[in-house]
Amino acid sequence: MSNNDWKKRLNIVYSTNPNFSYQTEEEEQIETLSPDKQDLRIWLDTHIKGGKRATIVKGFIGSDDDLTELARKLKSKCGVGGSTRDGEIIIQGDMRDRVLDILIGEGYRAKKAGGK
């Protein structure tokens, strides 16, 4: 019983087989595309933080860890806060021009899209 993690066995009711091993489905990791193959869109949104402006980067294809790392770089170079949510990077304030310059400098294909 060294591997007695009950969260991995939530859908198993009971097994009488003493040799039964629980098999869990592991999430499929998406391979991160190289920056020159990414096609990112930069939006301005005012609905996310109660009317405050936020720059949103959409279209990133890759793992959550790589998305978080890119968000960390953007937040650091812009000097503002932000987060990641549902495969999007949210940067506080209207930073579209600065984010576009940073992404192009990193080798990403990016362009400004519509916004409010």
Side-chain angles (χ1 to χ4, degrees):
M1 292 295 260
S2 64
N3 190 9
N4 193 14
D5 188 6
W6 64 271
K7 291 180 182 178
K8 294 181 180 178
R9 301 182 290 147
L10 284 178
N11 294 329
I12 302 296
V13 177
Y14 183 73
S15 175
T16 57
N17 184 355
N19 297 324
F20 181 78
S21 64
Y22 298 100
Q23 297 177 356
T24 58
E25 295 179 16
E26 294 186 19
E27 290 185 23
E28 196 173 306
Q29 289 291 337
I30 299 172
E31 184 177 332
T32 303
L33 295 178
S34 63
D36 60 335
K37 294 182 181 178
Q38 297 276 0
D39 190 20
L40 304 178
R41 301 282 188 239
I42 303 168
W43 296 75
L44 179 65
D45 196 355
T46 57
H47 299 294
I48 291 193
K49 293 274 188 182
K52 296 181 181 178
R53 293 181 172 200
T55 302
I56 301 176
V57 179
K58 298 181 180 183
F60 184 84
I61 300 173
S63 68
D64 290 338
D65 292 336
D66 293 334
L67 179 70
T68 304
E69 179 64 24
L70 180 60
R72 187 191 61 76
K73 282 183 188 177
L74 291 174
K75 293 186 301 183
S76 175
K77 290 185 178 183
C78 290
V80 295
S83 64
T84 59
R85 186 186 319 157
D86 300 328
E88 299 176 348
I89 300 172
I90 302 168
I91 304 292
Q92 294 175 351
D94 185 0
M95 297 285 174
R96 289 176 292 174
D97 295 328
R98 185 176 278 174
V99 167
L100 180 63
D101 293 339
I102 294 168
L103 289 174
I104 290 174
E106 293 282 328
Y108 288 91
R109 289 187 316 170
K111 68 169 91 170
K112 287 193 229 179
K116 297 180 180 179

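The structure displayed is predicted, hence computed values, not measured ones.
Here D64 contributes atom CG and T32 contributes atom OG1; the two are 9.0 Å apart, rounded to the nearest 0.5 Å. Note that the CG atom of L74 and the CD atom of E106 stand 8.0 Å from one another [nearest 0.5 Å]. Taking CG of L103 as the start and CZ of R109 as the end, the distance is 13.0 Å to the nearest 0.5 Å. In this structure, the separation between CD1 on I89 and NZ on K73 is 10.5 Å, given to the nearest 0.5 Å. Note that CG of L100 is 4.5 Å distant from CD1 of I42, once rounded to the nearest 0.5 Å. Between atom CG of residue L33 and atom CD of residue Q38 there is a gap of 5.0 Å, rounded to the nearest 0.5 Å.
Under the 3.5 Å distance criterion, the side-chain polar atoms of T84 are left unmatched by any main-chain donor or acceptor of T68. A donor-acceptor contact shorter than 3.5 Å links the side chain of R98 to the backbone of C78.
The number of heavy atoms from other shown groups lying within 6.0 Å of NZ (K112) is above 12.
When all heavy atoms of A113 and W43 are compared, the pair lying nearest together is CB-CE2, 3.5 Å.
In the hydrophobic clustering of this structure, I61 does not group with L40; members are Ile, Leu, Val, Met, Phe, Trp, Tyr whose side-chain heavy atoms approach within less than 4.5 Å, directly or through other members. Both I102 and V57 belong to a common hydrophobic cluster when Ile, Leu, Val, Met, Phe, Trp and Tyr are linked at side-chain heavy-atom distances under 4.5 angstrom. By the criterion of side-chain heavy atoms lying less than 4.5 angstrom apart, applied directly or through intervening Ile, Leu, Val, Met, Phe, Trp or Tyr residues, L67 is not grouped with I56; the two fall into different hydrophobic clusters.
Among residues two or more places apart in sequence or in another chain, the side chain to side chain contact (heavy atoms under 4.5 Å, CB included) test is passed with S34 by D36, K37. With sequence neighbours excluded, no residue forms a side chain to side chain contact (heavy atoms under 4.5 Å, CB included) with D101.
Under the 4.0 Å criterion applied to side-chain N and carboxylate O atoms, R85 and E88 are not assigned as salt-bridge partners.
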**Request:** For I90 and D45, run side chain to side chain contact (heavy atoms under 4.5 Å, CB included): C-alpha distance rounded to whole Å, both residues' side-chain angles, the deciding distance at 0.1 Å, then the answer.
**Result:** CA-CA 9 Å; I90 302 168; D45 196 355; over 6 Å; no
